[in-house]
Amino acid sequence: MGSSSFNERVYAVVRRIPRGMVATYGQVAALAGAPRNARMVGYALHANPEPGVIPCHRVVFRDGSLAPGFAFGGPDEQRVLLEDEGVVFVPPAAKPAGAPGWRVDLDHCQWRE
DNA sequence: CAATTGACTAACG
DNA sequence: GCGTTAGCCAATT
């Protein structure tokens, strides 16, 4: 390995996210060494060279939601996956109106080093 | 080598 | 309250 791509650094961080927790793009970006490069994180995860190895479903928006239409099979599938890992979700009725659907409870499940 | 794009984020209207 | 614009920074073409 020894690839010089920024994305590999992102994969390394995402791979470190413990089961039952999630991280935001900005957080992964910061851990990857680019505190302002959240976009790059999403771009790198889209490249996802090792599906199944890299838990890209554990990476969510700052709001606790996912990329609409880009989730590996649908945001509903991701919700089930995260719930299965023990991540706490917040129903649309329990949150301030605005978000399109279920969000991850970042207050309880955001990964903390 | 320069311009464009992009799984983002925050601020503004 | 919701939509749009601007800013960041690196990969892609």
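In what follows, chains are A, B, ... by sequence order, proteins preceding strands, each numbered from 1. The basis for the numbers below is simple: all heavy atoms, side chains too, and nothing from hydrogens, waters or symmetry mates.
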*With a 4.0 Å heavy-atom cut-off, tell me which residues in residues 19-29 of chain A come close to DNA chain B, sorted by residue number.*
A:Tyr25, A:Gly26
*For DNA chain B, find the residues of residues 40-48 of chain A with a heavy-atom distance under 4.0 Å and give them by number; none if there aren't any.*
A:Gly42, A:Tyr43, A:Leu45, A:His46
*Report the distance from atom CZ of A:Arg58 to atom C1' of B:dA7, rounded to the nearest whole Å.*
17 Å
Checking [X] now: which residues fulfil side chain to side chain contact (heavy atoms under 4.5 Å, CB included) with it, not counting sequence neighbours?
{"X": "A:Arg19", "value": "A:Arg58, A:Glu85"}
{"X": "A:Asp105", "value": "A:Val88, A:Val90, A:Asp107, A:His108"}
{"X": "A:Ala34", "value": "A:Phe6, A:Asn37"}

Would you list the atom pairs, donor with acceptor, under 3.5 Å between side chains in residues 24-31 of chain A and any protein atom, with sequence neighbours excluded?
from: A:Thr24; atom 1: OG1; to: A:Gln27; atom 2: N; distance (Å): 3.1
from: A:Gln27; atom 1: OE1; to: A:Gln110; atom 2: NE2; distance (Å): 3.0
from: A:Gln27; atom 1: NE2; to: A:Trp111; atom 2: O; distance (Å): 2.8

Polar pairs (N or O, both sides) under 3.5 Å between protein and nucleotides 10-13 of chain B?
none

*Atom pair CD1/SG of A:Ile17 and A:Cys56 - distance to nearest 0.5 Å*: 9.5 Å
Nearest heavy-atom pair of [X] and [Y]: which atoms, and what distance?
{"X": "A:His57", "Y": "A:Leu81", "result": "CD2-CB, 4.3 Å"}
{"X": "A:Arg15", "Y": "A:Ile54", "result": "CD-CG1, 4.4 Å"}
{"X": "A:Gly86", "Y": "A:Cys109", "result": "O-SG, 4.5 Å"}

Per-pair distances, 0.1 Å, donor-acceptor, side chain in residues 38-47 of chain A, under 3.5 Å, sequence neighbours excluded:
none

_Selected nucleotide, minimal atom distance to A:Phe6 side chain, candidates B:dT9, C:dC9, C:dA11_ = C:dA11
*Within a strict 4.5 Å, meaning less than it, do heavy atoms of the A:Phe89 and A:Arg79 side chains meet?*
yes
